[in-house]
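Keep in mind the model is a prediction, meaning the values are calculated, not measured. Convention: sequence-line order gives letters A, B, ...; per-chain numbering from 1.
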Amino acid sequence: MSTAPDALSAAAAVTQPDSSGHFGPYGGRFVPEALMAALDELEQAYAEARSDAAFGAELAGLHHTYTGRPSPLTDATRLSEHAGGARILLKREDLNHTGSHKINNVLGQALLTRRMGKPRVIAETGAGQHGVATATAAALLGLECCVYMGEEDTVRQALNVARMRLLGAEVVPVCTGSRTLKDAINEAMRDWVSTVDTTHYLLGTVAGPHPFPVMVRDFHAIIGQETRGQVMELTGRLPDAIAACVGGGSNAIGIFHEFIGDESVGLYGFEAAGDGVSSGRHAATLVAGSPGVLHGARSYLLQDADGQTAVTHSISAGLDYPGVGPEHAWLKDSGRAVYAGVTDAEAMEAFRLLCRTEGIIPAIESAHAVYGAMQLGRRLGPDAVIVVNLSGRGDKDVDTAARWFAVLGDLDAPADVTAGPPGEQM
Amino acid sequence: MIAAAFARARAEDRAALIGYLPAGFPSATGCVRALRAMVEAGVDIVEIGLPYSDPLMDGPTIQAAVDQALAAGTGTREVLATVGEVARCGVPVLVMTYWNPVERYGVERFAIELAGVGGAGVITPDLTPEEGGPWLAACSHAGLDPVLLVAPSSTDARLARITAVCRGFVYAASTMGVTGARATVSAVAPGLVARVREVSDLPVAVGLGVSSGGQAAEVASYADGVISGSAFVRVLLEAPDGDSGVQAVADLAAELAAGVRRADPRA
């Protein structure tokens, strides 16, 4: 729980990257030269927008009247009984329009796209949440939209493919490599290299080349800012711990950032441990990876001895990614945040518990954080206050969960979820 | 060694021809055979790709070849071995590699071992001067030529910065896009080459999209070097067997070599 003061001050001193986008040794720009001009343009446009009150006001207006912000903080009293009595509070990003935190960043970047005069956005998506949010914002602002999605994910998350197409976006299944999120990012980058004059790459997480990690973080920082006021109002004090799931790391950074300077607030990120880190079938990048370069930045990475990117596994498509944002790598090394793995089975246990105790069906991604918070609660005891960033809702995961728990009888379970607890009935 | 190859071509009033294949494609030995056939048919400089799981700058043709090479177990050591075998032909051999495998192998170790097997230089398509400090130092120490890319979108200031750290030649991406054969070579390439010449005396080689003798002749009319990659990969992917693949590579290399000899580079 306690964080060494020198580690804290080191991390607090580097909540902003250096001028070329480095958090300590992480971040930077490792991209084809063809993209450097576009990244410079984006950096400049973002800096100007940040200091433009009209831009901020338009974004705040959309948050209020379109997204439905502020998202509530729910006192999860029945869940808390299963967490050693610690008080669990849920930051309800699942209630945002489009069903997850992703819309915060998407609206910001979509406004920026219009400001740069570009008529087209492209995006990658894993679970489909970022793709749906991007398709939504593109429809709202009249932008052409193309979403790259790994072919495997288009099957796992078919409902979100339908949503994107209903919203007018083109969805391109990516059939290269592992056919998941990392390959969707590769394909989006290839598109961007060829179309950069007319197209903005609306990257969905705090990874990628500078300025994406800091810009996406800033657009999500509203999560933590709201949380501070809401927790203070509800409990009269700061929380002891904040729990969030980490794939690329956008929802986690969004809620962490506000509290990095608050020594008493523990920051906990939960990665997808899949079948268990020791099984090799997982996506726990910070827990089990090593520093390397992927998708334009240096960070932790799951890779083999030759630096080839590892094939990952998670029941949750949104966490099934071998990289992670560079600021998380820095928070890990500095000790300011702590990262642990949660297996598929553990996440599904928390998923069921949240359904049954609070009447909330979470995204399986977010269920990883719920499980982590329950473990933290048992450790910290009944006086502790723990905020979970409930980053998304579970509509998209109903099919996966129904198969996992066999609630509809003898559905043919796909291979990647048959590892679930046989006979365990929801 | 790379500078000498360009000087030889220039002495013959022509552009140099640079041919690419990924190591381990279509097989470890097949790659070496094909590259030797290229050299015999007139390729001046060989570029060997280090197969990588996430090749951002490559189109579907090279991706398919790289997937095949990776599936066959082609790792960094195998790439170095391939370089060693091809370097014995007496032409300069460069490695084309994305950055992470170099960092993973060890920046200095990679440079020293590559130089040790006879490698002449390295092309790094996702490394910019901003992040390239340790690599440039390692190349200098090992006696390798670091080749960075310039693009049509590069500002004049960036062209100056990039060419200042390049050695051997400057790799000019002919178009905004990924590797792969195109019906026409980009119209923006001559302007980019001219802008590079404003800031650098290094030879300028143009890549992306050169697949025929006619295109090679066209590029050779304004550039010091012509780079062809996907076209070689494609003839190997389409070949029914190893021998016909090697023959197809030799035929294509001969066509491209005739192309660079048709144009007058100083026209």
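- Scanning residues 77-84 of chain B against chain A with a 4.5 Å non-hydrogen threshold yields no residues.
- Atom CD of A:Q44 is surrounded by 12 or fewer heavy atoms from other residues, nucleotides or ligands within 6.0 Å.
- Under the 4.5 Å side-chain criterion, counting only non-hydrogen atoms from C-beta, A:P32 is in contact with B:M57.
- Residue B:L56 holds its CG atom at 9.5 Å from CD of A:E187, rounded to the nearest 0.5 Å.
- Without hydrogens or angle criteria, B:S153 side chain to A:A37 main chain gives no donor-acceptor distance under 3.5 Å.
- Only the side chain of B:I162 comes within contact range of chain A, with at least one heavy atom under 4.5 Å from a heavy atom of that chain.
- When each of B:G132, B:A64, B:A151 is checked for heavy-atom pairs under 4.5 Å with chain A, B:A151 comes out on top.
- With a 4.5 Å cut-off on non-hydrogen atoms, B:T155 does not touch chain A at all.
- Between chain A and the options B:Y52, B:W99, B:Y98, the largest number of non-hydrogen pairs under 4.5 Å is found for B:Y52.
- A distance of 7.5 Å separates CD in B:Q63 from CG in A:N186, rounded to the nearest 0.5 Å.
- The stretch residues 113-130 of chain B places B:P125, B:D126, B:L127, B:T128, B:E130 near chain A, each with some heavy atom under 4.5 Å from a heavy atom of that chain.
- Annotation: residues 289-310 of chain A contacts chain B through A:S290, A:G292, A:V293, A:L294, A:H295, A:R298, A:L301, A:Q303, A:D304, A:A305, A:D306, A:G307, A:Q308, A:T309 [non-hydrogen atoms, separation under 4.5 Å].
- Ranked by heavy-atom pairs under 4.5 Å with chain A, the list B:D58, B:N100, B:V150 is led by B:N100.
- By the 4.5 Å heavy-atom criterion applied to side chains, B:P55 and A:R190 are counted as neighbours.
- Residues passing the side-chain hydrogen bond (donor to acceptor under 3.5 Å, both in side chains) test with A:S178 are A:T180, A:D183, sequence neighbours excluded.
- Between chain B and the options A:E33, A:M189, A:K182, heavy-atom pairs under 4.5 Å are most frequent for A:E33.
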